[in-house]
Visitor: 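Dumping the structure here so I can ask a few things about it.
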Amino acid sequence: MAGNLLISLFLMSATNTAYKTARALDLLQIAIIVVLAIVPLFLSFPYRVNIFLSWEGAYRLSEGQVPYKDFGMPLGFMYWVIPSVFFKLFGAQLITLVKAQVFINILSGLAFMSILKSLTVPAGIRFLAVLLYCISYSFFNFWPWYNHTVIVYELIGIAFLLKYMFVGVTAYRGLLLVVSALFIFFSFFTKQDGGALAFILASVLLLYHCLHHRRWLPLLLFTGSFFIIAFCVIAPFTSFNFGYWFNYGQPPHTARFS
């Protein structure tokens with residue numbers, strides 16, 4: 001009896017220590033994500049080629065101009081939403097674009113960390129993976145750019161999707177799918193090809209999950225949410241020159257539809 005009690009106490013102590021270690025590593029990961037994200041605010045970086053694209057769309061949105069009506073663009077306007085909000089908050093300056101990217105990089109790091117946690121990657125490996133992600137990928141994106149933003153929205157969408165797939169039964173579990181669909185649509189409405197691949201990836205992951213559990217409602221909820229959100233966002237712009245986003249009818253892209 002005494003031996004069993006000692007073993008139980010030892011196991012409880014080891015479990016508690018492991019939990020505290022994992023918790024400390026999680027906090028350290030968050031600190032790394034935030035610190036490396038804000039470094040560009042204190043350094044001088046070269047002007048990025050074609051950064052006017054980030055500036056122009058963000059500035060027009062911050063001034064209240066309506067996409068596709070007041071100006072045309074070959075991208076979805078979700079690319080400019082975060083920078084335009086930062087223009088409103090901090091003024092239209094080049095450094096404001098860097099501040100917006102700091103926020104985007106923090107979101108991307110937290111999304112990546114959440115994905116690893118949902119997949120139950122061991123705490124030590126998770127820490128190293130987040131550190132590598134920050135120093136080799138997000139740190140070098142100090143200007144907003146659509147090829148990066150589209151992936152960030154995708155990572156957030158996948159993070160919510162995996163949270164749904166691996167979280168226990170809760171009252172808000174279905175909401176995770178709706179939020180996942182929202183960010184996957186944000187990805188698509190930033191850049192069509194990357195966003196389409198994000199939707200395909202999320203759908204395949206959820207399809208496998210539904211096949212495994214023999215439940216199809218989650219897949220219907222996700223895809224239904226995606227298309228309902230898409231309709232609600234896109235419908236108001238169809239009376240304008242919305243086809244411009246897909247380069248519809250503009251040379252040299254006319255041959256696609258010829």
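Position 1 is the first residue of the sequence, and the numbers go up from there.
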Visitor: State whether the number of non-hydrogen atoms from other residues, nucleotides or ligands found under 6.0 Å of Phe237 atom CZ is greater than 12.
Guide: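 Buried by this count: over 12 neighbours within 6.0 Å.
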Visitor: Go through the steps to decide whether Tyr153 and Ile184 satisfy the test side-chain contact (heavy atoms from CB on, under 4.5 Å), and finish with yes or no.
Guide: CA-CA 6 Å; Tyr153 285 135; Ile184 295 296; over 6 Å; no
Visitor: What pairs with Gln29 under side-chain hydrogen bond (donor to acceptor under 3.5 Å, both in side chains), at least two apart in sequence or on another chain?
Guide: Asp26
Visitor: Answer with yes or no whether the side chains of Tyr79 and Ser54 bring together a donor and an acceptor at under 3.5 Å.
Guide: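 There is such a pair between these side chains.
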Visitor: Roughly how far apart are Lys117 NZ and Leu162 CG, rounded to 0.5 Å?
Guide: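 One gets 13.5 Å once the value is rounded to the nearest 0.5 Å.
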Visitor: Under 4.5 Å between side-chain heavy atoms, hopping through other hydrophobics if needed: is there a path connecting Phe222 to Phe166?
Guide: yes
Visitor: Assigning hydrophobic clusters by single linkage (Ile, Leu, Val, Met, Phe, Trp, Tyr; side-chain heavy-atom cutoff under 4.5 Å), is Leu197 placed with Phe160?
Guide: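 Not linked; separate clusters.
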Visitor: Roughly how far, to the nearest 0.5 Å, is the OH atom of Tyr164 from the CG atom of Leu221?
Guide: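 Reported to 0.5 Å precision, the distance equals 7.5 Å.
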Visitor: If we ignore hydrogens and angles and just use 3.5 Å, is the side chain of Thr96 paired with the main-chain N or O of Gly91 as donor and acceptor?
Guide: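 Between the backbone of Gly91 and the side chain of Thr96 there is a qualifying donor-acceptor contact (under 3.5 Å).
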Visitor: Would you compute the distance between atom CG of Asn50 and atom CD of Glu56 and round it to the nearest 0.5 angstrom?
Guide: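 Those atoms lie 12.5 Å apart.
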Visitor: Only one of Ile33, Val102, Val98 passes side-chain contact (heavy atoms from CB on, under 4.5 Å) with Ile38; say which it is.
Guide: Val102
Visitor: Near Phe90 CZ, under 6.0 Å, is it more than 12 heavy atoms from other residues, nucleotides or ligands?
Guide: yes
Visitor: Any chance you could measure Met113, atom CE, to Ile115, atom CD1, to the nearest 0.5 Å?
Guide: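 CD1 of Ile115 is found 12.0 Å from CE of Met113.
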Visitor: Applying a strict under-4.5 Å side-chain criterion to I, L, V, M, F, W and Y, I'd like to know whether Leu182 and Leu220 cluster together.
Guide: no
Visitor: Ring centres under 6.0 Å, that's the criterion: do Phe87 and Trp55 meet it?
Guide: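 Here the rings of Trp55 and Phe87 have centres that are less than 6.0 Å from each other.
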